[in-house]
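Below is one structure, written out as structure tokens, with a few remarks after it.
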2 protein chains.
Amino acid sequence: MTVDLTIFTVRGDQLMVLLVERGLEPFLGRPALPGGYVQKDETLREGALRELGEEAGIDGGRLHLEQLGAYGDPRRDPRGRVVTVAYLALGPDLPDPVGGTDARRAYWASASQLANDGMDLAFDHPAILAEALEEVRRKLEYTAVATAFCPEPFTLSELRAVYEVIWGQQLDPSNFRRKVLNTAGFVQPTGEQRLPPTGRPAALYRRGNAWLLNPPLLRGTGYVT
Amino acid sequence: MTVDLTIFTVRGDQLMVLLVERGLEPFLGRPALPGGYVQKDETLREGALRELGEEAGIDGGRLHLEQLGAYGDPRRDPRGRVVTVAYLALGPDLPDPVGGTDARRAYWASASQLANDGMDLAFDHPAILAEALEEVRRKLEYTAVATAFCPEPFTLSELRAVYEVIWGQQLDPSNFRRKVLNTAGFVQPTGEQRLPPTGRPAALYRRGNAWLLNPPLLRGTGYVT
DNA sequence: AGATGTTTAAGTCAATATGACCTTTAGGGG
DNA sequence: CCCCTAAAGGTCATATTGACTTAAACATCT
């Protein structure tokens, strides 16, 4: 039993995923999702949080962490039967390649670039990553999970940028604002403002208490790019 | 490693879930979800399909089967660490309590009744069942999964009954029809008709090729009961 | 045969949500 | 003081939804 982590963050205009360079056989030297064996006395979630710290140097306390699913093809690991439980972790712009306590290198990679260049990840990690990406894209529609990518407090433009980066399409700023503000509990105003490099000050918000968006925020045809 | 199955079907006006009476310790005699150990050379899905046949006598070939998630609390099984992967299986009115090849009794139980009477299921199966139920309710909204409960061909009233039973609320027949027929690929007409016990003949449909409903069919306020 | 009951099918209409687009506001810099 | 930029707020045609009404197609009863 192992857990594997798909850790996403938004940096600039890119969705990044955290990869490690494997320091052990099999797949030595190949990029892979961080992960490791589950210990006897911990829950799967605890194991995921522990690996988050050990392999990525990230404190999972402030991250959104949810289970993606179990992957158990008997041929997925050349060593024999290893079932892995994949977790999805989402956070605001996270610290740089914090090499884990394990000596291997850890770094952020562009998710879209990985998808294009054919990702040569170890094990069945390409499939896990693909499912994770699809899950995030879908969840943006009908949950308020996008706020997990924004350091608080945040502006509506920052929140919109999360959608635009992950969906790969521009959204109308005005319609986006209307939709978010009309959805009770999506965000809550702090009353504060922040000055952008240029332009009018932007109001600041925190995450609201709502999780499900009803009706959802659909990535319909409302794009510009 | 085990797999556990939450098998739902609609019978009349009730959502039923398949339970077995445990024939082994621990929890001997207690109701539980069907399931069992995963074998070394099979995928998780294959294991689920095999247990479907062995414990419930059901041919999984025509069922909708999807993974729910892994449950791995180290205290969930008194025997020690057993991680289980829960699967969700959905099908049209399935054969009666087909006692499995294992000698234990297998039977259909009302899902809503279980939820009320406080279900004394073995292990963490109450939690698994609760999550499965919530998953089905949510998936009805934004996927065409409801058709998995209808034997083909089916009428729109039969499809609507699935929603009504699982959501526990009446839907407006006319608005439901409009929504389903306007959603490309949800259902496809066969051209055939069927006579109800009384009343106008109903057109028959098969499942369409669409899986995601866009926009979703929300369980808003549109109820009558 | 014709009236009646029942269920499916189809239509109406106001309220709401969406997509596309425009205008105003509030800053900083020249 | 003017200009540029991004945020904020508004307009309007269109699409969708919810509530409700009407028509059609069968079986049965009288």
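These numbers come from a predicted model, not from an experiment. Chain identifiers are assigned alphabetically (A, B, ...) following the order of the sequence lines, protein sequences preceding nucleic acid strands; residue numbering begins at 1 within each chain.
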Roughly how many Å is it from [atom1] in [X] to [atom2] in [N], rounded to a whole number?
X	N	atom1	atom2	answer
Phe154(B)	dT8(C)	CZ	P	14 Å
Leu159(B)	dA9(C)	CG	P	12 Å
Asp172(A)	dT23(C)	CG	P	15 Å
Leu217(A)	dT18(C)	CG	P	8 Å
Asn214(B)	dA15(D)	CG	P	16 Å
Tyr205(A)	dA7(D)	OH	P	11 Å
Gln169(A)	dA20(C)	CD	P	10 Å
Tyr163(A)	dG19(C)	OH	P	13 Å

Within the 4.5 Å heavy-atom criterion, are [X] and [Y] side-chain neighbours or not?
X	Y	result
Asp124(B)	Asp73(B)	no
Thr155(A)	Leu204(A)	yes
Leu159(B)	Phe149(B)	no
Ile166(A)	Arg137(A)	yes

Where protein sits on nucleotides 1-7 of chain C, one letter per nucleotide: B base, S sugar-phosphate only, - none, heavy atoms under 4.0 Å | ----BBB
Hey, can you pull the residues of residues 187-195 of chain B with a non-hydrogen atom under 4.0 angstrom from DNA chain C?
->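 None - not one residue of the stretch has a heavy atom sitting under 4.0 Å from the strand.
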Among residues 174-183 of chain A, which residues get a heavy atom nearer than 4.0 Å to DNA chain C?
-> Ser174(A), Asn175(A), Arg178(A), Lys179(A)
Quick one: side chain to side chain contact (heavy atoms under 4.5 Å, CB included) partners of Glu131(B), sequence neighbours excluded?
-> Tyr71(B)
Distance-minimising heavy-atom pair for Ala132(B) and Leu88(B) |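 Shortest heavy-atom contact: CB-CD1, 3.8 Å.
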More than 12 heavy atoms of other residues, nucleotides or ligands under 6.0 Å from CZ of Arg206(B): is that the case?
-> yes
Should Glu134(B) and Arg138(B) count as an ion pair when the cut-off is N to O under 4.0 Å?
-> no
Derivation and outcome, salt bridge (Lys or Arg N to Asp or Glu O under 4.0 Å), residues Glu164(A) and Arg160(A) | CA-CA 6 Å; Glu164(A) 293 181 333; Arg160(A) 179 166 48 86; 3.2 Å; yes
Between Trp167(A) and Tyr163(A), how do the two ring planes meet: parallel, tilted or perpendicular, split at 30° and 60°?
-> perpendicular
List for me each residue that meets ring pair (Phe, Tyr, Trp, His ring centres under 6.0 Å) alongside Phe186(A), sequence neighbours excluded, and say none if there are none.
-> none
Mind grabbing the angle between the end helix axes of the helix from dA1(C)-dT30(D) to dG30(C)-dC1(D)? Five pairs an end, 10° rounding.
->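 Taking five pairs per end, the axes differ by 20°.
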Would you confirm whether Tyr205(B), through its side chain, and Leu156(B), through its main-chain N or O, come within 3.5 Å as a donor-acceptor pair?
->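 The answer is no, because no donor-acceptor pair under 3.5 Å joins these two groups.
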Using atom types as modelled and distance alone, determine if a side-chain donor or acceptor of Arg62(B) lies under 3.5 Å from a backbone N or O of Pro92(B).
->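 No, Arg62(B) side chain to Pro92(B) backbone: no donor-acceptor pair under 3.5 Å.
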